[in-house]
Amino acid sequence: MKLLAIDCAASLCAASVYDTAAESELGRQVLDLGKGHAEHLMAVIDAALKAAKTRYTGLDAIAVSVGPGSFTGLRVGVATARGLALALKIPAIGVTTLEALAAEAAASFPGRAVLAALDAGREEIHVAAYDKALVLTYGPAVATLAQATAIAVETSTVLAGTAAEKIAASAGRAFDIGPTGATADIAVYARLAAEKGVGDKPKPLYLRGADAKPQAGFILPRQDHDPKKRAPVFGQDHGPEGKKS
């Protein structure tokens, strides 16, 4: 089975074609964009397919990073994955950035519990804890630095993600640290999706609401469109027969 994995959760715009039977990557394309995923994702996918010497019709499933991560990037990635899956009549599978980071860390430190932690700003950290078998034991959730540090100290865990070094510094002790990026290597998403199999349709994992919200004080009043209740024209005084009096 050939699986296409895509990731727009952070600054990277990445795609990988993965052979699930051989457990090997056939082709990939990765761009470090920062922004502009919507404009480049389809070209990145085309490049990965070309490198894998396959076509859309040769795919059996689509995997996508569902976050937490960039609000816009997640929407682009998930919408693209679901759209392709619908058009090709194949399943779409969601993988979180936290489980992908944990899996990547576990590859370097096998048999160890992992705490994946992403710095979310506003003194918040997005965390998920996994046991030695990479089974989720906590989260995904929003935590303070103190809470994340307490989890790390209590479980003597391997740390991964953008908040890993911050947590180690807060604890004042040494930790084994895996990948410290905002997302894992694209091949990790492909492998995890192959292991998961088909489930619910992927949707973005937002642990915090969008920054942009409507301002209640600027809501315009509802207008009455009844022609019998039209407001008079300023500067004119009309009588009951429509004649100016």
Side-chain angles (χ1 to χ4, degrees), residues 2-18 24-52 54 56 59 61-85 92-108 114 116-121 125-128 140 159-166 177-196 202-208 210-211:
K2 291 180 181 178
L3 182 149
L4 169 69
I6 59 178
D7 175 26
C8 298
S11 63
L12 300 182
C13 184
S16 169
V17 179
Y18 186 80
S24 64
E25 188 178 45
L26 302 178
R28 67 162 54 198
Q29 177 73 356
V30 179
L31 298 180
D32 192 347
L33 298 176
K35 296 181 179 180
H37 296 80
E39 292 81 5
H40 296 277
L41 179 55
M42 294 309 298
V44 166
I45 292 173
D46 286 342
L49 290 172
K50 185 176 180 180
T54 190
Y56 284 101
L59 298 173
I62 309 285
V64 60
S65 169
V66 297
S70 162
F71 191 88
T72 302
L74 294 180
R75 291 174 65 89
V76 170
V78 171
T80 301
R82 291 183 60 161
L84 288 174
I93 304 165
V95 178
T96 73
T97 52
L98 294 169
E99 63 183 312
L101 285 165
E104 193 169 14
S108 299
V114 181
L118 295 172
D119 192 339
I125 297 176
H126 293 165
V127 299
L159 301 177
T162 55
E165 294 177 351
K166 180 185 290 188
I177 296 179
T180 57
T183 190
D185 183 80
I186 185 61
V188 177
Y189 290 97
R191 178 172 58 81
L192 288 177
E195 293 173 358
K196 276 187 169 189
K203 58 182 179 180
L205 174 61
Y206 298 130
L207 298 182
R208 185 174 69 196
D211 292 332

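Nothing fancy with the numbering, it's 1 onward along the sequence.
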- [ ] Check Arg191, Glu25, Gln29 against Ser16 for a side chain to side chain donor-acceptor pair (under 3.5 Å) and give me the one that passes.
- [x]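 Exactly one pass, corresponding to Glu25.
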Can you see which heavy atom on [X] is nearest to which on [Y], and at what distance?
{"X": "Pro140", "Y": "Leu98", "result": "CB-CD1, 3.8 Å"}
{"X": "Ala117", "Y": "Val127", "result": "CB-CG1, 3.9 Å"}
{"X": "Ala5", "Y": "Ile186", "result": "O-CD1, 3.7 Å"}
{"X": "Cys8", "Y": "Cys13", "result": "SG-SG, 4.3 Å"}
{"X": "Ala92", "Y": "Ala81", "result": "CB-O, 4.2 Å"}
{"X": "Ala100", "Y": "Val188", "result": "O-CG1, 3.5 Å"}

Task: Residues in salt bridge (charged side-chain N to carboxylate O under 4.0 Å, His left out) contact with Lys2, at least two apart in sequence or another chain - done: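 Partners of Lys2 under the salt bridge (charged side-chain N to carboxylate O under 4.0 Å, His left out) test: none.
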Under 3.5 Å, side chain of [X] to main-chain N/O of [Y], donor-acceptor pair present?
{"X": "His37", "Y": "Leu12", "value": "yes"}
{"X": "Ser108", "Y": "Gly178", "value": "no"}
{"X": "Arg28", "Y": "Ala14", "value": "no"}

So how far is it from [X] [atom1] to [Y] [atom2], rounded to the nearest 0.5 Å?
{"X": "Leu159", "Y": "Ile177", "atom1": "CG", "atom2": "CD1", "result": "5.5 Å"}
{"X": "Leu192", "Y": "Leu3", "atom1": "CG", "atom2": "CG", "result": "11.0 Å"}
{"X": "Lys166", "Y": "Asp119", "atom1": "NZ", "atom2": "CG", "result": "3.5 Å"}

Would you say the side chain of [Y] lies within less than 4.5 Å of the side chain of [X], judging by non-hydrogen atoms?
{"X": "Leu205", "Y": "His126", "answer": "no"}
{"X": "Leu118", "Y": "Leu101", "answer": "yes"}
{"X": "Leu41", "Y": "Ile6", "answer": "yes"}

Open item on the list: Does Lys196 have more than 12 heavy atoms from other residues, nucleotides or ligands lying within 6.0 Å of its NZ?
Closed with: yes
Donor-acceptor list for residues 63-78 side chains, cut-off 3.5 Å, not counting sequence neighbours:
from	atom 1	to	atom 2	distance (Å)
Ser65	OG	Asp7	OD1	3.3
Ser70	OG	Gly73	N	3.1

Could you give the side-chain donor-acceptor pairs of residues 42-49 under 3.5 Å, partners two or more places apart or in another chain?
from	atom 1	to	atom 2	distance (Å)
Asp46	OD1	Tyr56	OH	2.9

